Amino acid sequence: MTTPYTFAHNAFAGALRSTYAHLSDGEESGVAVNVAGRLMLMRTQGKLAFATMRDSSGEIQLFALAATTQRFEEFAKLHLGDWVGVSGEVVRTKRGELSVKVASWQLLAEALHNFGDKWAGISDFDLRYRHREADLWANASTRTSLTRRSEMLRSVRERCWAANFMEVETPMLNAIPTGAAARPFRTFHNALNSEFFLRIAPELWLKRLVVGGYERVFELGRVFRNEGVDTRHNPEFTILELYAAYWNYEDMMAFTEELVAGVALDVLGTTEISYLDRDFSFAAPWPRRTMAELASQAVDEDVSVHTPLAHLAQLLGERGVEVHVSWGAGRCLAELFEVTCEETLWNPIFVTDFPVEISPLARRHQKDPELTERFESYAAGRELSNGFSELNDPVDQRNRFEEQARLAAAGDDEAMLIDEDYIKALEWGLPPTAGLGVGIDRLAMLIAGEANIREVIAFPTLKPLRD
RNA sequence: GCGCCGGUAGCUCAAUUGGCAGAGCAUUUGACUCUUAAUCAACAGGUUCCGGGUUCAAGUCCCGGCCGGCGCACCA
């Protein structure tokens, strides 16, 4: 079947609804428009036909009459899901439905499959995720969630640009997977005869751009981590990372809370969030508490990175956590915080001053060299962002990498590897800089009110079908 | 990776203890000049996820596999 290559579209359903809200029942506007979209419903009644058509802005009724509609019999036999382009006058029917009274029309594309039950839609998860195009057609909640994600991305970019951050892109094919602790995906470049890894974070590249003189940079892009899949993890996900020269982690916390609150305001029109039947507010400022404070409160005694390792191990053991031989006091404190506090942090909060042991890229705390100027924000019981004053001492960075290498040798397959190029970059001089990483999918879940990360990803990673 | 649950018509779902595989919507045909999930009538629609097994008889019970949901583990 040959269908048109273009359509002279000049009106949207949503705009027509507001423009012609004044038409009374049975009134004709005298204005002809060209609308296009997909047929959602069709009600034929002898020599009349009423179709509900949807475009990107909403739905509008198409009103066809045998007496005045071109090829009326064919129109009445169109299928749900077909794309049509219609020319006709804007009218309101006697029963009060704003309509385009079809004069002429064209079939723009035929739907050879139906898109689910017209009332119940599609509910099968496998079908919804593997054929999101059908899910989008059938389910308003899918359209809403994915649209909110898109609006969120726009808001994030605009707010970063407004704060004089420059958007950059860094390599996804990396010879060394670094910048985070995670198992990578491996791939191979034939012409270079080299193994590569899909990036697990853009962090080190971005700081090299700061070394190069770009004082504020951000990247909004995909990273890949070869780990489990569940309601909060997709193997590929989107991260916002940004770096600002001359800032420290306190400046970055202030930027973070303003950014997140601003994004909520842009997308939802409010900073007040209702998530899974519980409320919280993104309105700044968010409280700041140190990891040691929160852990101490949870175990009802003072603990810190200076608490004897054996005692921290005992506290962990009482809570069912097995302590690995390579763990020092810092790792133990962090584990204790995670098991006792993380899920309880419902309202947005910054947890600060992470142990140096688990923060190989963060600058040591000015008040305690065993800690770093690092923070993570939490909301709804989960990590939302991670940031710190960046370690810019190449000697200390080499020591930190070497400690990571020891962990790797001891069997930690998520420890970082030594990145000589990065150390060399620091030797050229990284100014005092603060960095931030925000899990965009996690934030999208909160903004869209979704409990499953797959609902905010258009095409989530699924196991390929076999057999 | 482990555990629990699920997979029946294009879609949404039924099917008693193991006893003829069904309905609504969609599709097809017909009626109908103001419908709103239109209505009414009729026809058609099946590898019950796949492969074995038990049984006179399996959608149903058993074993293996595939895919998904939820939980756990992993995710500093």
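Note that the structure is predicted; figures quoted are calculated from it, not measured. A note on names: the letters A, B, ... follow the listed sequences, proteins ahead of strands, and every chain is numbered from 1.
- A heavy-atom distance below 4.5 Å is found between the side chains of A:W346 and A:Y275.
- For A:I358, the listed nucleotide lying nearest its side chain is B:rA76; candidates were B:rU12, B:rA38, B:rA76.
- Computed from coordinates, the A:K463 NZ to B:rG7 P distance equals 20 Å when rounded to whole Å.
- Atom C1' of B:rG51 sits at a distance of 11 Å from the matching atom of B:rC66, rounded to the whole Å.
- Heavy-atom nearest nucleotides on RNA chain B were determined for A:N114 and for A:K77, and the one closer to the 5' end corresponds to A:N114.
- For A:R149 (side chain) and A:V456 (main-chain N/O), a donor-acceptor pair under 3.5 Å exists by modelled atom type.
- Residues A:L127 and A:I122 have side chains in contact (heavy-atom distance under 4.5 Å, counting atoms from C-beta outward).
- Between the CD1 atom of A:I122 and the P atom of B:rC13 there is a distance of 11 Å, given to the nearest Å.
- Residue A:Q61 contributes atom CD, which lies 11 Å from atom C1' of B:rA38 at whole-angstrom precision.
- Comment: A:K207 engages A:E203 in a salt bridge, judged by a side-chain N to carboxylate O separation of less than 4.0 angstrom.
- Heavy-atom distances under 4.0 Å link RNA chain B to A:R331, A:E335, A:E338 of residues 322-352 of chain A, given in residue order.
- The side chain of A:N452 places an N or O atom within less than 4.0 Å of a non-bridging phosphate oxygen (OP1 or OP2) of B:rC70.
- Within the structure, a side-chain polar atom (N or O) of A:H79 is placed less than 4.0 Å from OP1 or OP2 of B:rU28.
- Only the C1' atoms considered, B:rG19 is 14 Å distant from B:rC61, to the nearest whole Å.
- Residues A:L436 and A:V438 meet the side-chain proximity criterion, which asks for heavy atoms closer than 4.5 Å.
- With A:R92 contributing its side chain and A:L23 its backbone, the two residues share a donor-acceptor pair below 3.5 Å.
- Distance, A:F125 CZ to B:rC70 C1': 9 Å, rounded to whole Å.
- One N or O donor and one acceptor, one from the side chain of A:D117 and one from the base of B:rG24, sit under 3.5 Å apart.
- By the 4.0 Å N-to-carboxylate-O rule, A:E455 lies close enough to A:R128 to be salt-bridged with it.
- A donor and an acceptor atom never sit less than 3.5 Å apart when one is taken from the side chain of A:D126 and the other from the base of B:rG68.
- A side-chain contact (heavy atoms from CB on, under 4.5 Å) with A:L204 is found for exactly one of A:L426, A:T170, A:L361, A:N174, namely A:L361.
- A:D441 places a side-chain N or O within donor-acceptor distance of the main-chain N or O of A:T238, the cut-off being under 3.5 Å.
- The nucleotide whose nearest atom lies closest to any side-chain atom of A:K118 is, among B:rA76, B:rC25, B:rC11, B:rC25.
- Among the atoms of the strands shown, none is found under 4.0 Å from any heavy atom of A:F354.
- When the P atom is compared between B:rG59 and B:rU16, the two are found 12 Å apart, to the nearest whole Å.
- To the nearest 0.5 Å, the span separating NZ on A:K101 from CD on A:E28 amounts to 4.0 Å.
- Using the Watson-Crick or G-U wobble rule with both distances under 3.5 Å, B:rU16 pairs with nothing in any strand shown.
- B:rA73 and B:rU17 have their P atoms separated by 37 Å, given to the nearest Å.
- Not a single donor-acceptor pair under 3.5 Å links the side chain of A:T372 to the backbone N or O of A:A362.
- Side-chain atoms of A:S57 come within 3.5 Å of backbone atoms of A:G14 as a donor-acceptor pair (strictly under, hydrogens ignored).
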What's touching nucleotides 31-33 of chain B from the protein side, N or O pairs under 3.5 Å?
unit_1	atom_1	unit_2	atom_2	d
B:rC32	N3	A:G46	N	3.0
B:rU33	OP2	A:K47	N	3.3

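- In this structure, the nucleotide among B:rC74, B:rA76, B:rA37 sitting nearest to the side chain of A:P360 is B:rA76.
- Using the Watson-Crick or G-U wobble rule with both distances under 3.5 Å, B:rG24 pairs with B:rC11.
- A straight line from NE2 of A:H131 to P of B:rG10 spans 14 Å, rounded to a whole angstrom.
- At the heavy-atom level, A:R183 lies under 4.0 Å from the strands shown only through sugar-phosphate atoms.
- Taking atom CG of residue A:L312 and atom P of nucleotide B:rA76, one finds them 20 Å apart after rounding to whole Å.
- In this entry B:rA37 has no Watson-Crick or G-U wobble partner, no candidate having both defining distances under 3.5 Å.
- For the OP1/OP2 pair of B:rU36 and a distance below 4.0 Å, the side-chain nitrogens and oxygens of A:T52 include no atom meeting the criterion.
- Atom CZ in A:R454 sits about 9 Å away from atom C1' in B:rG69, given to the nearest Å.
- Among the protein residues, A:G121 comes within range of the sugar-phosphate backbone only, with heavy atoms under 4.0 Å from sugar or phosphate atoms but none that close to a base.
- The gap from the C1' atom of B:rU48 to that of B:rC13 amounts to 13 Å, rounded to the nearest Å.
- A:R130 has no side-chain polar atom (N or O) that falls below the 4.0 Å cut-off from OP1 or OP2 of B:rC67.
- If you take atom P in B:rC40 and the same atom in B:rG22, they sit 23 Å apart, rounded to whole Å.
- Comparing A:H113 and A:R92 along RNA chain B, the residue whose closest nucleotide (by nearest heavy atom) sits nearer the 5' end is A:H113.
- Look at A:E402 and A:R406 and you find no salt bridge, because none of the NZ, NE, NH1 or NH2 atoms lies under 4.0 Å from a carboxylate O.
- Under the Watson-Crick and G-U wobble criteria, each requiring two contacts below 3.5 Å, nucleotide B:rG64 is paired to B:rC50.
- Nucleotides B:rU60 and B:rA9 have their P atoms positioned 15 Å apart, rounded to a whole Å.
- Residue contacts shown for A:T93 include a base, since a base heavy atom lies under 4.0 Å away.
- A distance of about 14 Å separates the C1' atoms of B:rA15 and B:rA58, rounded to the whole Å.
- Put simply, CG on A:D124 is 8 Å from P on B:rC13, counting in whole angstrom units.
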